[in-house]
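What follows is a single structure, written as structure tokens, with notes after it.
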Amino acid sequence: MKKELAKIYEPALFEDNIYRLWEDSGFFNPDNLDLPAGAPSYTIVLPPPNITAKLHLGHSAMLAIEDLMIRYHRQNSYRALWLPGTDHAAIATQNMVEKKIFSETGKTRHDLGRKVFLEEVDKFVAETQATILHQIRKMGASLDWSRLAFTLDSPRQQAVQRMFLDMYNEGVIYRGERIVNWCPRCHSTLADDEVEYKEQSAFLYTFKYDPNFPIAISTTRPETKLGDTAVAVNPKDERYQQYIGQEYEVNFCGQDLRIKIIADYNVEMDFGTGALGVTPAHSAVDWQMAEAQSLPKIKVINEDGLIREGFGEFSGLSVIAAREKVVASLRNQGLMIKEEEIVNNLSCCYRCDNPIEPLPSRQWFIAVDKPLARLQGKSLKEAAIAAVREGEIKFLPERFNKRYLDWMENLHDWCISRQIWFGHSIPAWYRGEEIYVGEEAPAAEGWIKDNDTLDTWFSSGMWTFSTLGWPDNFKDGIKTGDLTRFHPTQVLETGYEILTLWVSRMVMMSFFALGEKPFSQVYLHGTILDKNGKKMSKSKGNGVDPLEVIAKYGADAVRLSLLMGATPGNDSRYSEEKIESKRNFINKLWNISRFILNNLDDEILSTPIDVLPEAKSLSDNWILGELLSTRKTLATSLSDFNFSFAAETLYDFTWNKLADWYLETTKIEKGKETILVFILKNLLIMWHPFIPYVTEAIWQSFNNTLLMVEPWPKLANKLDYWINNPGKEADFSFVQEAIIAIRNARSENKVEPARKLQALVTGPKSELLLSQAPLIKGLRTGIESLLATDGPPDGQAIKVVLRDVDIYLLGAVDPEKEKARLRKEKENLLNLISGLRAHLENQEFIDRAPAHIVQAEKDKLARYEIELEKIRASLGV
RNA sequence: GGGCUCGUAGCUCAGUUGGCUAGAGCGUUACGUUGACAUCGUAAAGGUCACCCGUUCGAGUCGGGUCGGGCCCACCA
């Protein structure tokens, strides 16, 4: 039974009910879809949002794009799985909760203790997670909630522990030292992106270690020079060639040092003296040089930012105090050559603003260069590079291939341990110098658990397979269950800013665990900026709450506004006007449907959808051709990830072709019911992945089935007929141009309502129109001759008629001007033709270009030649 | 410093491997409608496609350079 549609579409009245209807149907879960056994899978894992805060518009855009892909494939008989989840975001979450507790109670995490603090974090996580899941549902996202995951829930914890053990046993995970960013005040390490650089003025001191040392060095931190073991120069620097490889015993401010002169390309020749004192223990770059050259590493500074024991008068001093003392000593000895004030970047803690101290520290690492038997001798890095280079994994836009490969090729071992409390624990135990790795502590006494946790990207790197039942679904190298059916996934859709942080890690982790890629295609979306092109952020207060705009305009309008005008990898701007215009469109679609449904009865509505109705007039022919070519464009643009273009094509068809023209003709011409119902059903099916709510709401008013699982009708063979039908374009322009002609002709008199003319002029009722418009005799003859033609009308013929009509009606066209225009056009065509001929005679082009391009060029040439003939004829040549 | 990217109408952006008179939405103006449509329709105005040079029969599109935004990475010891 058909239900009456209201005059205005009010999203709030429908959305929640429809979401419930979808969810209750069970079809979000691909296991419940009625599909043949061999149906291909289509899997997307949702990039798990951080549970630090509620979602913003960027997330909404992500959801809109992914839901579009999933719904489209679900309709088209794929085993479509979209897997939801959230990320524990270790550091970010811990900071958030620490701040919250501190502002509420004035207590730090140390005051609470590890256990109580983690309970607080869990409370926070539960709250935000509920908010986030609610927001996701409001967007209409068709996620399979039965598979909901969290990077720190129990199945994921088991997976992470197992991964750590496997990697450790394979020698991929090892414990080693490296320079970390240490905040002496917070007593914790900082990730590279938590370090903030601040410009400050500092003194650059140039001096010699002692009078017998041949080279002067420059530094802003003389106190660290107590730990120097080398001086590095650029290998191309002629000044120092003779010293390279030599070793010197020096006494620097009372400390005996052994300094080797080494060559390294990282040294800039024109900075300072072009010679760099290498302090392996207190500079990341120097550490690398020391590793490369096997230099000893002397620790000078301790975890409190004080000079360590064993440095005589300097021991126990702060770095600043030690610096003053060293400088004074150098001045006294006459070793100081130059002191100049410069501006440099100071590394600071993002939390407390204090300068950070690079310190060596024992950490857990993943060896990215270790050859692995399970990867046929390739290292993780090599496997991850090969997958992209050989095209197994593709990026969109393609330019991110380069960024990925550049980053991968320069990748060093990945430090995975973090000195924070919230996160996956490290399954390692220590007793003195002994290390044991395993989930349970060894039976013997005295073993102490590793206190650190894992980098959050360790667990999110496993996201594509930890969510599909790994490791239980992976026995003896063979995938079972969900892993067989859904891995590798088809598409990873995410923001380009986490390409290196996340995407690259997923590739390595998947190759290690399963020996296969995690996904085939990576679609990278841009960032949603505010109206002025600025990033949205809490501190600026320019963020937009998706729930608010959904409440105001409906989820469909928000989705469509985020999909249209957004291209992969490019940022797009948010504006409320844009949402408003999409809201208006959705209402238009509602009213188109309402208009059609009001003119139909129940029987016709049950017409099978895969029966192409018969076209009885030019306008029928035209609109069906447009519908089917729109559908074709839509399918190709969707498979090319050209979402914006897909939506625009459909939008243009719906509004400019269907509503503005065809529906108007049906107000005059009756008997279009079967065509209208065919168009309406197809229209709703095609729009559904973009704007699921309104389309489902309309569909439900006259169907018992769910639009969500309504397949696109099979019309392939018919499609070609309509697309190749040359009448389809002509009819439209013919009508339009006729209207213009009529209006121009009658500008002095009263004008017939344009839309009536539009309708009348196309069909059998044109007689009526013509009798009312005696002025347009030329048009009449034209129409009559066209109507008399059998078969599809010739577009060119229509154009010729129209030109005649134009000239006749206006009487104002200067024949000379027209001739001049034609001459110019002729000139143009001649140029085109000779160019195309030359092109086609070029053997290189014929050999190298794909066949369809060559054919297209040939077709073009043929068209131009025909056109040229016509112009020649009208010029009387 | 290295790399990437963008510059098209007042604003936000399309422009599908170079092709006929460069498009859309919003905004502006005029006229017409208000029995599918918080309207809607028809039209108008508005662009040296940042600039220069080159390749080509032909450049918004390809190459080189200049200017101006944005992003990423590295980082001055």
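Within every chain, numbering begins at 1; the chains are lettered A, B, ... in the order of the sequence lines, protein sequences first and strands thereafter.
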Charged N-O contact under 4.0 Å between R221(A) and E357(A): yes
When S593(A) and S581(A) are each assigned the nearest nucleotide of RNA chain B, the 5'-most assignment goes to S581(A)
For nucleotides U66(B) and C26(B), find the distance between their C1' atoms and express it as a whole number of Å. 34 Å
Side chain of K588(A), base of C37(B): donor and acceptor closer than 3.5 Å? yes
For RNA chain B, whose closest nucleotide is more 5', that of N587(A) or that of K582(A)? K582(A)
Each stem that RNA chain B is part of, given as range with range (3 or more consecutive Watson-Crick or G-U pairs, under 3.5 Å): B:1-7 with B:67-73, B:10-13 with B:23-26, B:28-32 with B:40-44, B:50-54 with B:62-66
Ring-ring centroid check F14(A) W590(A), cutoff 6.0 Å: yes
Residue list, side chain to side chain contact (heavy atoms under 4.5 Å, CB included) with R403(A), at least two apart or on another chain: F400(A), Y496(A), L499(A)
Figure out the CG/P separation between L589(A) and C40(B), and round it to whole Å. 14 Å
Please state the C1' separation for the pair C57(B) and G70(B) - nearest whole angstrom. 38 Å
Could you tell me the separation between the CG atom of D406(A) and the P atom of A74(B), rounded to a whole number of Å? 12 Å
From CD of E648(A) across to C1' of U16(B) the rounded distance in Å is 12 Å
Looking only at side-chain N and O atoms, does T206(A) offer a donor or acceptor that is under 3.5 Å from a partner on S218(A)? yes
Considering only A36(B), A77(B), A38(B), which nucleotide approaches the side chain of L276(A) most closely? A77(B)
In whole angstrom, give me the gap between the P atoms of U21(B) and G60(B). 11 Å
Round to the nearest Å and state the distance from I8(A) atom CD1 to G35(B) atom P. 14 Å
Under 4.0 Å, heavy atoms only, any strand: does Y651(A) hit a base, just the sugar-phosphate, or nothing? nothing
Please give, in whole Å, the distance from C40(B) C1' to N591(A) CG? 10 Å
Name the nucleic acid region contacted by S218(A), choosing base, sugar-phosphate or nothing; use a 4.0 angstrom heavy-atom cut-off, strictly under. base
Between A24(B) and U34(B) - P atom distance, rounded Å: 28 Å
Considering only A38(B), C71(B), A77(B), which nucleotide approaches the side chain of I342(A) most closely? A77(B)
Looking only at atom P, what distance separates C51(B) and U8(B), rounded to whole Å? 10 Å
Is it the case that R178(A) places NZ or CZ above or below the six-membered ring of W287(A), under 6.0 angstrom from the centre and within 45 degrees of the axis? no
Closer than 4.0 Å, any side-chain N/O of W655(A) to the OP1 or OP2 of C40(B)? no
When the distance from CD1 of I217(A) to C1' of A77(B) is rounded to whole Å, what number comes out? 9 Å
Atom C1', compared across C40(B) and G35(B): separation rounded to whole Å: 13 Å
Just checking K297(A): does its NZ atom have more than 12 heavy atoms from other residues, nucleotides or ligands closer to it than 6.0 angstrom? yes
Rounded off to whole Å, could you give me the CD-to-P distance for the E10(A) and A38(B) pair? 12 Å
Those residues at least two apart in sequence (or on a different chain) that pass side chain to side chain donor-acceptor pair (under 3.5 Å) with H282(A) are none
C1' gap between A22(B) and C49(B), integer Å: 8 Å
Applying a 4.0 Å non-hydrogen cut-off, can you work out what Y9(A) is touching in the nucleic acid: base, sugar-phosphate, or nothing? base
Rounded off to whole Å, could you give me the CD1-to-C1' distance for the I528(A) and C13(B) pair? 13 Å
According to a strict under-4.0 Å criterion, is K7(A) in side-chain N/O contact with OP1 or OP2 of C37(B)? yes
Tell me whether the rings of F207(A) and F252(A) are parallel (<30°), tilted (30 to 60°) or perpendicular (>60°). parallel
Hey, what's the ring geometry for Y651(A) with W655(A), parallel, tilted or perpendicular (30° and 60° as the breaks)? tilted
Provide the distance between the two P atoms, one in C13(B) and one in C6(B), to the nearest whole Å. 13 Å
